Each structure stands twice: as structure tokens, then as C-alpha cells.
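Just so it is clear: chains get the letters A, B, ... in the order the sequence lines come, proteins before strands, and each one is counted from 1. In this text the structure is predicted, and so the values were computed from the model without any measurement.
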Amino acid sequence: MADKKHLYLVDGSAYIFRAYHRLPPLTDPEGTPVGAVYGYTTMLWKLAEDLDKAEGPTHLAVILDKSSHSFRNEIYDQYKANRPAPPEDLVPQFPLIRDATRAFSLPCIEEPDVEADDMIASYARAAQAQGWDVTIVSSDKDLMQLVGEKDGARIDMLDTMKSARIYIEEVEEKFGVPPEKVGDVLALMGDSVDNIPGIFGVGPKTASKLIAEHGDLTAALDSAEDMKKSKLKERLLEHRADAELSRILVTLKEDCPLPVALEDMKLDGVPPGPLAQFLEKHGFTSLLRRLDAGAGSPGRPTELNPAKQENASAPANAEGSRQPLPEMPKVDRSAYECVQSIERLEHWIERARAARLVAIDTETSALDSMAADLVGISLALGPNDACYIPLAHGGTDMFAEKPDQVSLDAALSALRPLLASDAVIKVLHNGKYDLNVLSRYDVEVAPVEDTMVISFDLDAGRGLDGIGGGHGMDELAERHLGHTCIAFKEVCGTGKKAIPFGEVPLDKATEYAAEDADVTWRLYQHLKRRLPDEGGAAIYERVDRPLVPVVARMEQRGIEVDRARLAKLSEEFATETGRLEKEIHALAGAEFTVGSPKQLGDVLFDTLGYKGGKKGKSGQYSTDQSVLERLSGEGAEIADKVLEWRQLSKLKSTYTDALQDAINPKTGRVHTSYSLVGAQTGRLSSTDPNLQNIPIRTEIGRQIREAFVAEEGNVLLAADYSQIELRLAAHMADVGPLKDAFANGEDIHARTATEMFGEVTRDTRARAKTINFAILYGISRWGLAGRLKVEPDEAQAMIDTYFQRFPGIQRYILETLERVRERGYSETLFGRKTWFPRISSKNQAERQGSERAAINAPIQGTSADIIKRAMVRMDEALVNAGLDKVRMLLQVHDELVFELPEGDVERASKVIEEVMAGAAGPAVSLDVPLGVEIGTGKSWGAAH
DNA sequence: CGGATCACG
DNA sequence: GACGTACGTGATCCGA
């Protein structure tokens, strides 16, 4: 059998999707993403190296999907219908897969209207008929139908990522049936990714049980008649036709015409010339070195150069030399064009298509993207190569003559295809804003790069003394380009004299607006190239960049609030604060402004003579909650009244009044604005209004949550990660007892109490909870002493006990600080960096503050990464499950709020739970489970 | 416009 | 010897 032929068929398209998600987003020297291509190249290399080995290939071919269309679409128009678009940085890698295959001088087969699976099946059968062994390099479950032996010729599969051979036993283990029955199981269970219906409500377990029991699909479906009454019986009877259709869809076509003869797939070593060229072009220098290291082209190991077990996973970008920054002349505003005719606009659009990358900025009538009207759009294709397209200038004065400009409709019609084109990258600065504005004009923008977000992913926290910390365009232009942008104030004025942008004369407007696009283009060149070198590519490409359109959609959806309910609360709060104010004045013996901490301090500690007043550096008495609570404990009635007054007045001004004003008149809903660069740790922040600090902790505040409601016929669903930061701390610091407690679903604070105090009572559990949080925040004996109302010595004893019981914690703290001191930044599990320039400050308070923040940042930041990953995947997962009416509305750090039809609750809960709980994988595998708690109700309050 | 206060995770 | 004590946010009010 020495000369037995063995054909390897590589399922190339499936491979690159998996490689994309498994590997970091590398780029080549030209800036093209090549992570998946790199994985693919090393995989081919390894296969070719196995030439002439016992189970290695004698023949090899790569099969790719040319189009998603096949005979299956003819019989079922929904086939693969809801498959989402591939990620933006994967798209440019598809053609490179072909280049890589050719570089190995391997046949690459792709036929129109034939799916790769069918082609693989046809080749496998053809080879088997000739007595060849066949290995299918894939882990696609559909292809498992082919596994087995016929006339002494064997077909197996190879999952290269898991280095696992798949044969009959493995298939049986997965499906509970032999390979030839796999199609029957698949027909029952369906496939959400390919949109194969199957039987609704039947999953892999039930499907394989039914087939194992009855032999095949028809028998299983027939058996339903004799079943006793059950949900399963109903479903089998009702959806029989779906299953029968699915059976056809999952059947592989084994008789496709074969464009390349089997003999022509002979693997005879890889000619090194074209391969070297390809490796060089994309900066795969570690592979290139192996190639040069001898006659070491893969598949042709020589006596002198036995195949090495070298680790080939070195990042491509770290090896290749970077392309130089394009030459950038100084900003010259006189070079900008004001586009005032459709012909000129079309000319720019044409050029943008050719350039494949365009920086864009929109000018509007207001700061609020959900209320602003479009006034103009600017484009930039290179330094000083920029234009402004005025669209609604001179609109406010009906009698004034309007300047020449392209009509809004005509311009948008011309721009729409460009802005939606996969082939042209749109670079924006704070793209979420432009996405929101343009979306209201039915303009879709994709794919998007965002220079504000790139800057954040590179430089979060890097500012010192308020300089250089922000990510606004003007600031970045100063920092990276040494250029001072025209200030908005200079163009539109300030205060009462401010004019809307639409009133700015076109020459001035062009200079301002086109400059923004020009600067955005330049910043992109500066910042994007730093991402791979400085380790920011993964967090940007996999988390923050895909998050931009997701968050934009959430902002656009907004949430309904019950105005009448808020108004009623406002009124109640007003009455009550008025009453309290009178009582406070009476107790003080004088009228004063209760809301003035200064006046209140004087009243309490001077006029009324209460003891223990402490003045801060502003020279005024502190009157905060803790002070008032102490006075109240000493019997000061006025302190109670002030506390109550403060609570109600806060709720009224910040929430019940302000939220009514925040209702958008057009949509009738409240649209917050999330900042992706607001919090140094990577959390989102929410403004205008802030919907991340709606009251919940007190009963009276909670009523405000009742005013956040679902639309008619819908409910709100709130999904919370439970104790996510503590779970992450347990994982990151490798704390055995805490990990065990989470694995067993224990009450974590109770467990801590047991470890610390030997018993769980209300008191010890509360103390344990405080200590757990203190740990996350970077503890000091005085801080803990203050919180627990004990002496610092006692607090120190508790900290010692904690470190003793949970030994990983202290090591985590010390190691984290050491790394931050050494490198200047902390890192999350997903590689997000936060910089701490004050970690070595000579000012002790400053330094210690930085240390506490640095201990907390990896934990808080990892939690932020995880929920962001969940958000990025959520819409696709819901749509795949047929839940396209479920809308994600809000994010509150460890909570996502959805609005959905009542009937979808059960299925949506399952999908949401799965996505959230699984959001760390596959990039990170946690030692602790992520718990998710879900509640639903007509209001946000009721959903908790 | 900064400080004090307090709403949230 | 003094400092100042829990991480991350944003909104509102007062008063200079």
C-alpha cells in the first residue's frame, strides 16, 4: 500500500472564517488585514509538509465558495437568507486566499452556482471510486455525512485547528448516529446559520434520539402518529414539510462536474519562487526565513533540513517593515473645493471609488445627532485633496437668496451607493454622530473606520494635567499633525451671537468643513498604522470598531418614557420639597437656600452650633451625606429633613424634570448619546441624558424606572451580568476558593463571610461584601476602616485575613502594579490598554490614586470588553434565531435592556443569555462561569 | 467655570 | 512630618 493515493480536499472558505475569529487581526506592511490569510498560509504549509508521510497527502486541492447561490436557493428562497455580512476586516482577505493558494502552486477550485460542500463531496466520491483515500480538511458538520469506508477506500476529516482526525467514531459521538444518518439528524434539527428550518423546537439531542430510535427521517416522522400527545408530537406533525425540505437542503450533491482532473492535484513539492514572493509581499517573514533556511520549501524536506517543529505563529506585522507614512504637505485650505454642481459631485464620487478610502465629515444644524439637520458633507481623498458639498445653506431666511448648491435629494442619491459600498472604506471621526444623522436621511454608511476610537484604543489615559488626554479632532490635529484647526467658534460665533452652520458663507464653510475631512484623513494615516505595532489592533478590530454601528442603532432607537408619570412625580416631589423647606427654615430659625452647601454649613455649625464641622480646602463646611447622617444619629432633626430634601430635589431636577425635556419631539422617545471614549477603562458613558444613572437603590427613586416603558404590545427585558467584576477578579487573580464558589453557584459574599469570619450572619455578609468591593477598587486600611466604621488596625487585620484566605489577590495586585510601572499601562484580558502616566509621580496622593486605578482598570476594563463583545454579536444572534423584532436599547455597564414583542420573551431570553454568558470566548476561556440574570416587564422598573 | 453633591455600575 | 485615603462615570446647583 506504499503507493496508495491520498487526496486532501481543503474547505478554504470555512477555514478562513474560523481562522479570522481565532487569530489576532494582523496587517501586512501595506496595512491590509491578513490575520486569517496568515492562518491559512501556515495551515497549507503544514499540510504540504506532510507529503509522503503515512497519512499525509499525495494529492491536494483547495475548494472555495465562489458565490452563495446554488440549486438550494432554487428550491428554498430563504436558504442562507439571513447570513450576515462578513466582518469588515475579513472582506479584503478573500481574494488573498486565492493568492496564497496559487503561491503554493496548488489547484484552487471555485465554480459559480456550486457550493464548496458539494464540490468537496463530488471530488471525495470520485477519488474514493478510484480506490484513493480522502481527507477533507474541514470541521463542517454537513461534510461529516461523507465519512466512512467503501471498497477499501476511506474518507475521513481533519480539523487542523484542533489537530483532530474525525472518523466514524467521532461522528457517532457528535450525532449519536453513523455518518450516513447525519443528514437525517440535520434535517430534524435545522441550522440557524444556513437558515435551514428543521423542526421548530427540535434540537440536536431530540433529533439524534429520534433517528437512532427509528432508523431514518421518514420513519421518525411517521412515528409521530403513534406517539402519545406531546409538544414533540404536535411539532413533528405540523412541521413535517419543513423537515422534508431540510432533508433535501442538507443532502450533498455528489455528482458535480469536476473542473480539474484528480491526477492534476498531485502534490509534488512546492516551488519556492512564487511562495517566497507571496510571503515577502505580506510580511510573513518567519515563514520566509524557514523557506530560505535550506531547500526547505514545504513538502520537500531534504536530508539536511528535516521538517522543524518551529512555532510559526509570530505575528506578521511585528516582522514586516512598515510602509512609510505618506508624505503630507502642510494643510492648505485654499486647495479645498466647494462642490456646487452635480457634475463635480459625481467627479468626486468617482475618484473616491478609485481611491477605495474616503474621509467624511457631516455638518449639521445642532450638536444632538438625533435632532440635527444635515447642512453639508465634506470628503477627503488625500492631504489637501478635500471638498465641501453644501446642501442646506441659507435656509433659515426665506427671503435671502440661497447660494448655488446641489439639491439635498440629488446629492444623497449620488452619494448613497458610495457610502454603502463594501469596496470603499469610510473614515470618520466620531462616526456614530454622522451615522445617526445620515441614517435619518436613509443613508447607510459602511464599512466605517473611526479615528476617535482608534485614538482611544491607542492612547486611553495618556493625557497629563488635562493636556493631551482627549480624542477630539482638534486636539488630535495639534498632537499628531502639529496643526491648529479652525475653531467652530471662529466660524459660527458663540453665545447669543452664534449662527447656525447653514448661515456661514460658503467660502468660510468650505475651509472649515473640508479641513475636518482632510484632518480626519491625515489622522487615519497616523493612527491606523500604530494599531498593529502597539497592540491595539485586536481590541479595535474585534470590539470597538464593530461596536460603532451597534451603538449608533441603539441611540437611534431610543426608549419610551411615560411623560405623564414623570410629570406627576415632579409635582409630588415639588410639594414635598416645599414642605420640607419650610420645616428646615423653622428648625434653623431663619430662611436660607437649602440647596447651598455653603449656607447650610454655616447654619448647621455656626448658627445652630452643632459640633464636628470640618472645613475642606475651599474653606467651607462639608455637609455631605455622611456628615448629615452623623448629625442625624446625634439627634439633629434638621439633618434628616435636609437629607430628605436633597433626595427629592435631586430626583426632581436630574430625572423627573430633565427626562421630560429630553423626549425627542419627532420620535417621542429619549435618545441618549453613548461615548465610546469617555471612560479610561473602556466602559461606555452616557450623556444627554445620562441613562446609566437612573435611580434604583431607593424605593422612591425606583419609581423613576417605572416611567421607562415598552411600546404597546411589547415588554422590556433587562439582562444583567451577576457579579461580573468579582468573577473576573477570581479568574484573573486565580483565587481558588472564589472560583469554586462561583462554579458551584454559591452566594459569593456569604462564602467570603465564611472564609473571613467563620460564620454567615447579616452583619458578616455585609462586611464581606464591602471587603470584596474594596479589593476591586484597591484597598487601604483607612478607607476600609471608614466604610466599616472600625479602627484602621482592625481593618488592616481584615485585609490580612483576606489575603491569607485568597492568596492570589495580593499577588495579582503586586504583579499588576509592577507591570504598570514597567510599561506605563495596564491591560485587560482582551488586550485593551489604559495608560497611567502618574504611576511614578513624586506626589504620594497622586501616585497612590494611580495605583488604585491601575489595580481596578484591568477588571473593570475586561468587564467592559465582555459586554461590548456581547453587544457586537447580539443582533446577528437574534436575527439568526428569527428574532428580528428584538431591539437592544440600553447598556448600563453590566446590563443590557431590550424591547421586544411579548411573544418573543422566552426564545429571546435564551439567545441573550447565551450570547452574554459566552461573550468572552473564543478569544478568552474563563475559569469561572458568567452568570446572567434576566427579568421582563412593562417597565424597566418591573423588569428588575 | 470649579466645587460640592449625589445618581448609577 | 504632612498628606489623605475605594474604582469608573455625568448632571445639577451654587457662587465667584
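- Between C:dA6, B:dT5, B:dG9, one nucleotide has an atom nearer to the side chain of A:Arg852 than all others, and that is C:dA6.
- Rounded to whole Å, the P atom of C:dG4 lies 14 Å from the corresponding atom of B:dG3.
- With C:dG15, C:dT9, C:dT5 as the choices, the nucleotide that has an atom nearest any side-chain atom of A:Ser685 turns out to be C:dT9.
- Nucleic acid contact for A:Arg646: sugar-phosphate only, since backbone atoms but no base atoms lie under 4.0 Å from a heavy atom of the residue.
- For B:dC6, its base sits under 3.5 Å from the side chain of A:Lys650 at one donor and acceptor pair at least.
- Atom CZ in A:Arg702 sits roughly 15 Å away from atom P in B:dA7 (whole-Å rounding).
- Nucleic acid contact for A:Ile694: sugar-phosphate only, since backbone atoms but no base atoms lie under 4.0 Å from a heavy atom of the residue.
- With respect to the salt-bridge test (charged N to carboxylate O, under 4.0 angstrom), the residues A:Arg462 and A:Asp459 qualify.
- Using a 4.0 Å heavy-atom distance criterion, A:Ile696 is classed as a sugar-phosphate-only contact.
- We find that CZ of A:Arg838 is positioned 17 Å from C1' of C:dG4, with the value rounded to whole Å.
- Computed from coordinates, the A:Lys615 NZ to B:dG3 C1' distance equals 16 Å when rounded to whole Å.
- Within 4.0 Å (heavy atoms only), A:Ser673 reaches no atom of the nucleic acid at all.
- For A:Tyr802 and A:Asn772, the side-chain atoms include at least one donor-acceptor pair closer than 3.5 Å.
- Here A:Ser863 lies out of heavy-atom contact (under 4.0 Å) with every strand.
- Across all strands, A:Glu895 comes closer than 4.0 Å to no nucleic acid atom at all (heavy-atom distances).
- If you check B:dC8, C:dG8, C:dA11 against the side chain of A:Asp688, the one that comes closest is C:dA11.
- Contact between the side-chain N/O atoms of A:Thr623 and the OP1/OP2 oxygens of B:dA4 is not found at any separation under 4.0 Å.
- With distances taken from any side-chain atom of A:Gln848 to the nucleotides B:dT5, C:dG4, C:dG15, the minimum falls on C:dG4.
- Using a 3.5 Å distance cut-off with no hydrogens or angles, the side chains of A:Asp734 and A:Tyr812 do not pair a donor with an acceptor.
- A:Asn693 and A:Tyr655 share a donor-acceptor pair across their side chains, judged by distance under 3.5 Å alone.
- Look at A:Arg821 and A:Glu851 and you find a salt bridge, because one of the NZ, NE, NH1 or NH2 atoms lies within 4.0 Å of a carboxylate O, short of that distance.
- Judged by distance alone with a 3.5 Å cut-off, no donor-acceptor contact links the side chain of A:Arg697 to the base of B:dA7.
- Residue A:Asn693 places its side chain closer to C:dG10 than to any other of C:dG15, C:dG10, C:dA6.
- When only modelled atom types and interatomic distance are considered, A:Gln647 and A:Thr698 share a side-chain donor-acceptor pair under 3.5 Å.
- Among the nucleotides B:dG9, C:dA11, B:dT5, the one closest to the side chain of A:Val892 is B:dG9.
- At whole-Å resolution of the value, CD1 in A:Ile855 and P in C:dT5 are 17 Å apart.
- With hydrogens and angles left out, the side chain of A:Gln680 and the base of C:dG8 share no donor-acceptor pair within 3.5 Å.
- The CH2 atom of A:Trp645 sits 8 Å away from the C1' atom of C:dC13 (whole-angstrom rounding).
- A:Ala658 comes within 4.0 angstrom of sugar-phosphate atoms only, judged by non-hydrogen atoms across all strands, and of no base.
- When each of B:dT5, C:dG8, C:dG15 is scored by its nearest atom to the side-chain atoms of A:Asp624, the top-ranked nucleotide is B:dT5.
- Applying the 3.5 Å distance criterion, the base of C:dC3 shares a donor-acceptor pair with the side chain of A:Gln844.
- Looking at A:Glu895 and A:His944, their side chains do bring a donor and an acceptor atom within 3.5 Å of each other.
- Nearest nucleotide to the side chain of A:Ala774, out of C:dA11, C:dA6, B:dA7: C:dA6.
- C:dA6 and B:dA4 have their P atoms separated by 15 Å, with the value rounded to a whole Å.
- With A:Glu755 contributing its side chain and A:Arg751 its backbone, the two residues share no donor-acceptor pair below 3.5 Å.
- Comparing C:dG10, C:dT5, B:dC6 against the side chain of A:Trp782 picks out C:dT5 as the nearest.
- Within 4.0 Å (heavy atoms only), A:Asn690 reaches sugar-phosphate atoms of the nucleic acid but no base atom.
- Distance NZ (A:Lys652) to P (C:dA11): 18 Å, rounded to an integer number of Å.
- Residue-level contact check: A:Ser622 touches the backbone only, with heavy atoms under 4.0 Å from sugar-phosphate atoms and none from bases.
- Distances from the side chain of A:Ser653 to the nucleotides B:dA7, C:dG8, C:dC13 place C:dC13 closest.
- Annotation: C:dT5 and B:dT5 have their P atoms spaced 13 Å apart (nearest Å).
- Look at B:dA4: its Watson-Crick or wobble partner, with both distances under 3.5 angstrom, is C:dT12.
- Put simply, CD1 on A:Ile859 is 19 Å from P on B:dG9, counting in whole angstrom units.
- In this structure, A:Phe836 atom CZ and C:dG8 atom P are separated by 7 Å, rounded to whole Å.
- Within the 4.0 angstrom heavy-atom criterion, only backbone atoms of the sugar-phosphate kind lie near A:Ser596; the bases stay farther away.
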